[in-house]
Structure formats: structure tokens, C-alpha cells
Protein chains: 2
Amino acid sequence: MESERPDLGAMVMRLGRRLIAMEEPILARHDVTMWGYVVLNALRGSRTVRTQAALAQSIGADKTRLIPTLDDLQKRGLIERETDPADRRVRLLRLTEKGVQKQRAIQREIRTAENDLLASIDDREAFVRALRDLG
Amino acid sequence: MESERPDLGAMVMRLGRRLIAMEEPILARHDVTMWGYVVLNALRGSRTVRTQAALAQSIGADKTRLIPTLDDLQKRGLIERETDPADRRVRLLRLTEKGVQKQRAIQREIRTAENDLLASIDDREAFVRALRDLG
DNA sequence: TATTGTTATACTCTATAACTATA
DNA sequence: TATAGTTATAGAGTATAACAATA
């Protein structure tokens, strides 16, 4: 019998805010914004070079609000942005080696912090699996 | 062995957005905003009358951004706001009977929708319990 | 002087529209 | 003409500062 509890949405958003708060100091130490980290993650998986429009869509962002982030990441040598010779309107994106290292370093720290946070959960794998399935 | 997965924060926020999207049409049908519903929920549990400042703190909101919400709920007869005779600076808040009914009706619909969404999860109670503990 | 509630202002974030360069 | 990327503008949401009433 399930006792009274807050709505699922309230609990999930609360946990989400807690996780974001946990990540923020890590990102700050690496001098990367949340959007910057999201971009690094999106480019890591698919070594496939992508256009900015495709990237924006894949992370559910407007293409215009990605541009300052891409400018910054490029300026700092974490990504490369080159004109597609086959269609000079398009910019092909990819992580530099430095960008790959940065993404790995940040994610490693975040995973460690996640593990601490999940320590109290009985069956962590089941919990994570459920979260994944519900996405 | 846990296969590669997105960060916990990304998965949780994604699920959170999905739940919000699920709730929004329900709230719209009842002509209540998300903030309005949060206030109704906060006042439901504690029949204890509260001040606006206490309410704001309990839901993690700034006191100033609650005021338009309270004005609206009061105008529509869902809450009462009366001056505390013991300290005339303070407004005591409580749900009206109409407000209680409204909160119940909305939550009932949300719970039904949550159940549909959780249908695919193996051990739902464990999942909900974990979410609760992590809050 | 400090505090509750309120209003007015400023700031941040995001989306919309307008521009360029290619196709 | 249509599209990728960019820039400029406007809108929503939120926080900050200032105010009136009361303690």
C-alpha cells in the first residue's frame, strides 16, 4: 500500500534540481557552462560530424541559443567548426582531442558525485534502468 | 554491469519535463497554473494556517512572485487570505472548501496519468520510494 | 529599527524576426 | 526560392530594490 506522497512531477523535478546543484560546482571548476557540457556530451557519442541545426535539434535547443556556446567552446579549442566543402552553408562540428579529454574529466567527476548521491538506494541498477526507460 | 548511459541529471530532467508536459493539459482544463497548483498542494497538507512568507519558503519560491498567484486564487474563491488579528502585518492563508475540492480533482487526474506513465516499470513502489528518499 | 506584504524596476533567459551567404 | 548560420530585437519569467503598514 503506497502511503501519501507528493506528485511524481514534484519529486522528479526536486531531484533534478538537486542533481543540477551538484553538477554546477564541478562544471564551474572546469569553466564550462551547463549548455557547454550538454554540447560536449552530444558531440562525444556521435563522432559523426553534425551540423549546428542537427545538434540543436538533438538536444532540444533553439539553434540561436547554441551559437554563443559554440563560439566559446571553439575559441577555447574544445570543438572544431569547419565549413562543409560540399555545402558551404553548413558548419561541421566535432570535438578536438582536448574537448574529448574535457568531457571525460567532467563526466568522471559527475559520476562519482552521482554514486555518492545514490548510495542510499536499495537497487540502484533497477532505479537507473527505470529512469532510462521512462525517458 | 551498467552499460553506458546519460548522466543522472540529464535523465531526471528529461523525465521531469515529460511529467510537466503531462500535467499541463490537466491544469489548463482546471484553469490553474503550475504555481497555483503548487500553492493548493502546499496549503492542503498543513491545515495549519500559514503566512505568505512561510508558504514561499516551503515551496522554494520568492515571496514576490507568489503574490499574483495568491491574488488569482483568492479572487476565484479557492483560498482565503485574512489579516492575523494578533499581528496585523501577517496574512493567514487557507484553502476554502472549493479549493480543497479543486486540489483533489486535479491530483486525482494527475495520479491517473502517472499510473499510465509508470505502467512499464517493473517495481513501481521501489522506484517511487527511491525518488522519495532522494528528495 | 525590523518585518510582512506589496509594487516597481532591472536582469536573465529564451524565442522571434530579420539578415547574409550559399544553394 | 529555400536553407544554414548569424545577429538583433522582443517577450516571459524571475530576482532585486524600494515602499507602506505594522510591530
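Residue numbers begin at 1 in each chain, while the letters A, B, ... track the order of the sequences.
The side chain of A/R88 lies closest to C/dT22, out of D/dG5, C/dT6, C/dT22.
Mapping A/R89 and B/V90 onto DNA chain C by nearest heavy atom places B/V90 closer to the 5' end of the strand.
Both A/L117 and A/F127 are members of a single hydrophobic cluster when ILVMFWY side chains are connected at heavy-atom separations under 4.5 Å.
Residues of residues 6-39 of chain A that place a heavy atom closer than 4.0 Å to DNA chain C, in numerical order, are A/W35. Contacts between residues 55-70 of chain A and DNA chain C, defined by a heavy-atom separation below 4.0 Å, involve A/D62, A/T64, A/R65, listed by number.
One atom, CG of B/D87, and another, P of C/dA2, lie 17 Å apart when rounded to the nearest Å. Between the CD atom of B/Q52 and the C1' atom of D/dA20 there is a distance of 15 Å, rounded to whole Å. Atom CZ of B/R91 and atom P of C/dT3 are 17 Å apart (whole Å). Between the C1' atom of D/dA8 and the CG atom of A/D71 lies a distance of 15 Å, rounded to the nearest Å. Counting to the nearest Å, the P atom of D/dA4 and the CD atom of A/E82 are 18 Å from each other.
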Stepwise side-chain contact (heavy atoms from CB on, under 4.5 Å) check, A/L27 with A/T33: CA-CA 6 Å; A/L27 294 170; A/T33 64; over 6 Å; no
Start with the C-alpha gap between B/L134 and A/L118, add the side-chain angles, then the distance that decides, and say whether side-chain contact (heavy atoms from CB on, under 4.5 Å) holds. CA-CA 8 Å; B/L134 289 174; A/L118 289 178; 4.0 Å; yes
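Checking each of B/L70, B/L66, B/T64 against B/Q52 for a side chain to side chain contact (heavy atoms under 4.5 Å, CB included) leaves exactly one that passes, namely B/L70. Partner B/R14 forms a side chain to side chain contact (heavy atoms under 4.5 Å, CB included) with one of B/M11, B/R18, B/R17 and no other, that one being B/R17.
Atom CD of A/Q103 and atom OH of A/Y37 lie 5.5 Å apart (nearest 0.5 Å). Atom CG of A/L43 and atom CD of A/E80 lie 11.5 Å apart (nearest 0.5 Å).
With salt bridges taken as basic N to acidic carboxylate O contacts below 4.0 Å, one links A/E114 and B/R5. The pair A/R76-A/D72 meets the salt-bridge criterion, since a charged nitrogen lies less than 4.0 angstrom from a carboxylate oxygen.
Regarding contacts with the backbone of D/dA4, every side-chain N or O of A/R81 stays at 4.0 angstrom or more from both OP1 and OP2.
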